[in-house]
Each structure stands twice: as structure tokens, then as C-alpha cells.
Chemist: 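Encoded as C-alpha cells, here's the structure I'll be asking about.
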2 protein chains.
Amino acid sequence: MAQRGSYAKGVAKRTEILDTALDVVARNGFRGTSVKELADSVGLSQAGLLHYFDSKDELFTAILRRRDEVDLALADPQADIVEQLITVIRHNADVPGLVQLFASMSTAATSDPSHAAHAYFVERYASLRTQAADAITIRQRRGEVPAGVDPTRLATVLLAVSDGMQIQWMLDPATDMAEHVELVWRLALAAVATPA
Amino acid sequence: MAQRGSYAKGVAKRTEILDTALDVVARNGFRGTSVKELADSVGLSQAGLLHYFDSKDELFTAILRRRDEVDLALADPQADIVEQLITVIRHNADVPGLVQLFASMSTAATSDPSHAAHAYFVERYASLRTQAADAITIRQRRGEVPAGVDPTRLATVLLAVSDGMQIQWMLDPATDMAEHVELVWRLALAAVATPA
DNA sequence: GTCTATAATTTGATAGAC
DNA sequence: GTCTATCAAATTATAGAC
């Protein structure tokens with residue numbers, strides 16, 4: 001078996017912890033959730049849980065990374081990255097706690113380069129922005145997106161609406177986040193003049 | 001003098017405190033700033049400062065409200081609300097700490113109805129959304145915005161981009177927030193088909 | 001109105017036994 | 001690897017003097 005040795009065991013356990021944490025946070029939310037709360041739900045003591053992660057922030061950053069992995073696995077690999085993004089946003093309405101976690105961590109980490117999650121967000125936005133810009137460029141060549149639109153800017157804007165809609169959705173869960181992201185996307189596809 | 005009596009004095013002092021706090025937060029940022037830090041900068045003890053506000057969260061909510069007042073006073077009353085919004089976003093690049101404060105408070109307060117700032121955000125989004133939707137409706141009648149676009153949805157989306165761009169700007173201050181909000185606005189003005 | 005002093009917790013992190 | 005126990009702070013909020 002490939003999972004032999006203490007290293008693999010540690011990794012497997014870590015993943016198991018993260019998947020449980022993902023469920024717990026998704027439901028119970030993230031109200032400055034303490035390490036102990038999470039420890040209880042995964043059946044470990046606080047110290048036991050922190051054995052796997054260097055700090056609280058590292059733990060929650062790992063949760064965010066794991067969530068991206070899970071989301072990616074669920075997405076249709078055939079689909080345009082923009083379509084995938086919209087699908088993920090649509091799913092977000094089912095996991096309020098994760099939306100809360102993402103929003104909280106992003107505000108805390110983006111403005112503080114020394115925050116444990118800073119690198120995660122840098123990588124995430126760079127990666128998504130590039131992927132989306134590439135997809136937009138392809139559509140542009142097909143004439144589906146006006147030539148005057150800068151792909152990177154449009155990509156940036158699509159990510160921004162996604163993030164911003166989370167705030168308004170938390171305020172009123174009846175709000176349809178995905179629909180609003182789609183509106184921007186359709187406006188771009190429908191634009192005929194050539195905004196910079 | 002109109003400012004006589006303990007009530008008026010209290011109000012004046014409160015405003016004075018808030019204006020100082022606004023400066024301090026704008027520069028120093030909001031890294032979970034403690035009440036004591038703010039108290040020091042306004043020349044009061046921690047308890048002295050809390051004499052004017054019921055709690056820490058009430059204090060920071062008051063700072064946000066005061067900031068909106070100041071921003072509103074600076075805006076051109078002749079301008080379209082959407083243009084005003086873009087102007088405010090442009091100014092935001094000069095007050096990083098306030099962007100941080102707004103982002104932090106919005107994530108904390110929107111998801112928690114019992115948070116001291118919850119009502120503030122409810123009112124703020126409702127008000128801005130309505131005003132923007134009205135302005136969009138007017139443009140629609142003039143034929144500047146496609147008839148098929150729902151004014152409230154477009155308004156919602158413009159607010160979302162504004163919020164979302166703050167995250168990406170905190171990550172990279174070279175990002176031009178206003179320019180990206182304008183992109184969405186121009187896409188809407190340039191759209192020719194009729195997205196819902 | 002403002003201060004000093006302190007209560008009241010909470011909670012992240014670590015040391016060390018098993 | 002996991003736990004118990006404890007440390008070490010950091011703050012908010014309040015009581016009560018002046």
C-alpha cells in the first residue's frame with residue numbers, strides 16, 4: 001500500500017481533518033471559530049489538532065486550500081473557466097459558513113503581507129485572473145467578446161463581482177449571487193462598442 | 001450660541017473624536033485596532049473614549065457612518081450617483097486604513113444580524129442600490145442603457161464590483177479600483193443586446 | 001466628563017507526560 | 001500522536017473616585 005509510513009499517515013490524517021472541518025465550518029459558520037471548537041468536532045483536543053498545523057491561521061488557510069481542491073474536482077473540466085467560476089459561486093449559497101470564512105480571511109490576509117493566508121490569496125487571484133483572461137482572449141478571437149475589452153481587466157472585474165456579491169448575499173441570502181456575476185458576463189458578451 | 005448645553009457639547013465632542021479617528025484609521029490602518037490605540041490618538045483614556053460610545057463595535061460603526069457623511073459632502077451633488085460612487089472609489093486609494101476597516105466590518109457585520117454594524121450595512125446597501133437603480137432607470141429612458149437590463153441588478157453589481165475591487169487592491173495597491181468599476185459601467189452603457 | 005483600576009474572559013500556543 | 005495542564009497575553013467593559 002502506498003499509504004505506508006508516518007509521513008503518509010500524517011498527510012492522510014491532515015486531509016481527513018480538513019474535510020471534517022470543511023463540513024463543520026460550512027454549516028456552523030465562522031464566527032471567529034476557535035481552534036477548540038474545530039478540535040471537538042474532529043475528535044481531538046485543541047493541542048492534538050494543532051499538532052497538524054503550525055497555528056490557527058495556518059489551519060484555516062489549509063481549510064481554504066482544501067476547499068478549492070474540492071471545488072475544482074466538482075467543476076466540469078470541459079467548461080470555460082468563467083463558467084466554472086459561476087458554477088462555484090452558485091454552490092456557495094449552500095455553504096454559508098465557507099463564504100463567511102473566505103470573506104473574513106481575505107480581508108484579514110490581503111492587507112497584511114505577514115498573514116499566514118497572504119500567499120494563498122496572492123496565488124489564488126493571480127491564477128484565476130490569468131486563467132480567466134486566457135479564456136476571455138479565446139472568446140475574443142471568436143468574436144464573442146468585443147476586441148476593445150482588456151481580458152485581464154474583465155477577468156479582474158469578474159472576480160471582484162464574485163467577491164462583492166458574497167457581502168450582499170450574506171446581508172440577504174435571497175440574493176442570487178451567480179445571476180449577478182452572469183449579468184456582468186453577459187454585458188461583456190453583449191457590448192458592442194469598445195470600452196478600454 | 002447654538003452649541004449650548006451638555007447634549008450639544010456631547011455631540012460636538014463625539015464628532016470631533018470621530019474626525020480624528022477617521023484620520024488615524026485612514027493612515028495607520030485597521031489591524032484589529034484596539035480602543036486604547038484610538039483613545040491615545042484622540043487624547044483620552046480608553047474608558048474616557050468609551051464614555052461616548054456604547055462599545056467598541058458601536059465606535060467603529062460610528063466611524064463608518066461619519067466617513068459616509070464626509071464622502072457625501074465631498075461629492076458633486078450635480079453628478080449621477082454612479083459617477084459619485086466612482087469618485088468615492090477613486091478617493092479610497094488614499095485611505096487604505098478605511099478600506100480595511102470597511103472590508104473587515106462588512107464581513108463581520110453582514111453575516112451576523114446581532115452585530116452593532118448590521119443595521120448600518122443594511123441601510124447603506126438598500127439606500128445606494130435604490131439611488132443607483134433610479135439613476136440607471138433615468139439613463140435607460142434616455143436610451144443610454146439597454147432596455148433589457150434590470151436597473152436594480154445592475155446597481156447591485158456595481159456595488160459588488162466596488163467592494164470586490166477593494167480586496168484585489170489591498171493585495172496589490174497598484175490596481176486601479178475606479179477604472180475597473182468604470183469598465184463595468186461602460187460595458188453596461190455599451191451593451192446592445194438585452195441581457196436580463 | 002474623565003480617569004484609575006480591575007474584572008471577566010477568551011483563546012492561541014507550548015511543555016511535557018504517556 | 002494525543003492529551004492534560006498551564007502560560008501568556010490582550011482587550012473589552014465596568015465600577016467608582018474626582
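Fair warning: this is a prediction, and the values are worked out from it, not measured in the lab. Letters A, B, ... mirror the listed sequences (proteins, then strands); counts begin at 1.
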Chemist: How long is the line joining CG of A/L50 and P of C/dG12, in whole Å?
Modeler: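 From A/L50 CG to C/dG12 P: 8 Å.
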Chemist: Rounded to whole Å, how long is the line connecting atom CG of B/D40 with atom P of D/dA10?
Modeler: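 So the CG-P distance, B/D40 to D/dA10, works out to 15 Å.
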Chemist: Tell me yes or no: between the side chains of A/E37 and A/S41, is some donor less than 3.5 Å from an acceptor?
Modeler: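 A/E37 vs A/S41: no donor-acceptor pair found between side chains.
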Chemist: With a 3.5 Å distance limit and no angle check, can you tell me whether A/Q84 reaches the backbone of A/A79 through a side-chain donor-acceptor pair?
Modeler: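 Judged by distance alone, yes, a pair lies under 3.5 Å.
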Chemist: The side chain of A/Y52 lies closest to which of these nucleotides: D/dT2, D/dA5, C/dA5?
Modeler: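 Nucleotide nearest to A/Y52's side chain: D/dT2.
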Chemist: Between B/I17 (CD1) and C/dT2 (C1'), how many Å, whole number?
Modeler: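 Going from CD1 in B/I17 over to C1' in C/dT2 covers 11 Å.
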Chemist: Where the side chain of B/L44 is defined as all heavy atoms beyond and including C-beta, which of C/dT14, C/dG12, C/dC3 is the nearest nucleotide?
Modeler: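 Closest of the options to the side chain of B/L44: C/dC3.
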Chemist: How close or far is atom C1' of D/dA10 from atom CD of B/Q46, stated in whole angstroms?
Modeler: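 Those two atoms, CD and C1', are 11 Å apart.
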Chemist: Base, sugar-phosphate, or nothing for B/S45, non-hydrogen atoms under 4.0 angstrom?
Modeler: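 Result for B/S45 = base.
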Chemist: Give me the residues of residues 54-66 of chain B where at least one heavy atom lies under 4.0 Å from an atom of DNA chain D, by number, or none.
Modeler: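 Within this stretch, B/S55, B/K56 sit under 4.0 Å of the strand.
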Chemist: Can you give each donor-acceptor pair under 3.5 Å made by side-chain atoms of residues 58-65 of chain B, sequence neighbours left out, with the distance rounded to 0.1 Å?
Modeler:
unit_1, atom_1, unit_2, atom_2, d
B/T61, OG1, B/D57, O, 2.6
B/R65, NH1, B/E123, OE1, 3.2

Chemist: Keeping B/H180 on the side-chain end and B/D176 on the backbone end, is there a donor-acceptor pair under 3.5 Å?
Modeler: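 Yes, the answer is positive, given that a donor and an acceptor are paired below the 3.5 Å cut-off.
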Chemist: Any chance the side chains of B/Q100 and B/S104 put a donor and an acceptor closer than 3.5 Å?
Modeler: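 Note: B/Q100 and B/S104 side chains miss the donor-acceptor criterion.
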Chemist: Please test A/Y120 against A/D68 for side-chain contact (heavy atoms from CB on, under 4.5 Å), starting from the C-alpha separation and ending with a verdict.
Modeler: CA-CA 11 Å; A/Y120 163 74; A/D68 284 341; 2.5 Å; yes
Chemist: Within the 4.0 Å heavy-atom criterion, would you say B/L49 contacts the bases, only the backbone, or no part of the nucleic acid?
Modeler: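 Answer is nothing: B/L49 stays at 4.0 Å or more from every strand.
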Chemist: Please determine if a side-chain N or O atom of B/K36 lies less than 4.0 Å away from the OP1 or OP2 oxygen of D/dA10.
Modeler: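 Looking at the OP1 and OP2 atoms of D/dA10, neither is under 4.0 Å from any side-chain N or O of B/K36.
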Chemist: Taking the minimum atom-to-atom distance to the side chain of A/H51, which one of C/dT2, D/dG1, C/dA13 wins?
Modeler: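 Closest nucleotide among those given: D/dG1.
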Chemist: If we ignore angles and hydrogens, is there a donor and acceptor under 3.5 Å between the side chains of A/D172 and B/Y125?
Modeler: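 Per modelled atom types, A/D172 and B/Y125 side chains form no pair under 3.5 Å.
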Chemist: Nearest whole angstrom, please: distance from the P of D/dT2 to the CZ of A/F53.
Modeler: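 Whole-Å distance recorded here is 12 Å.
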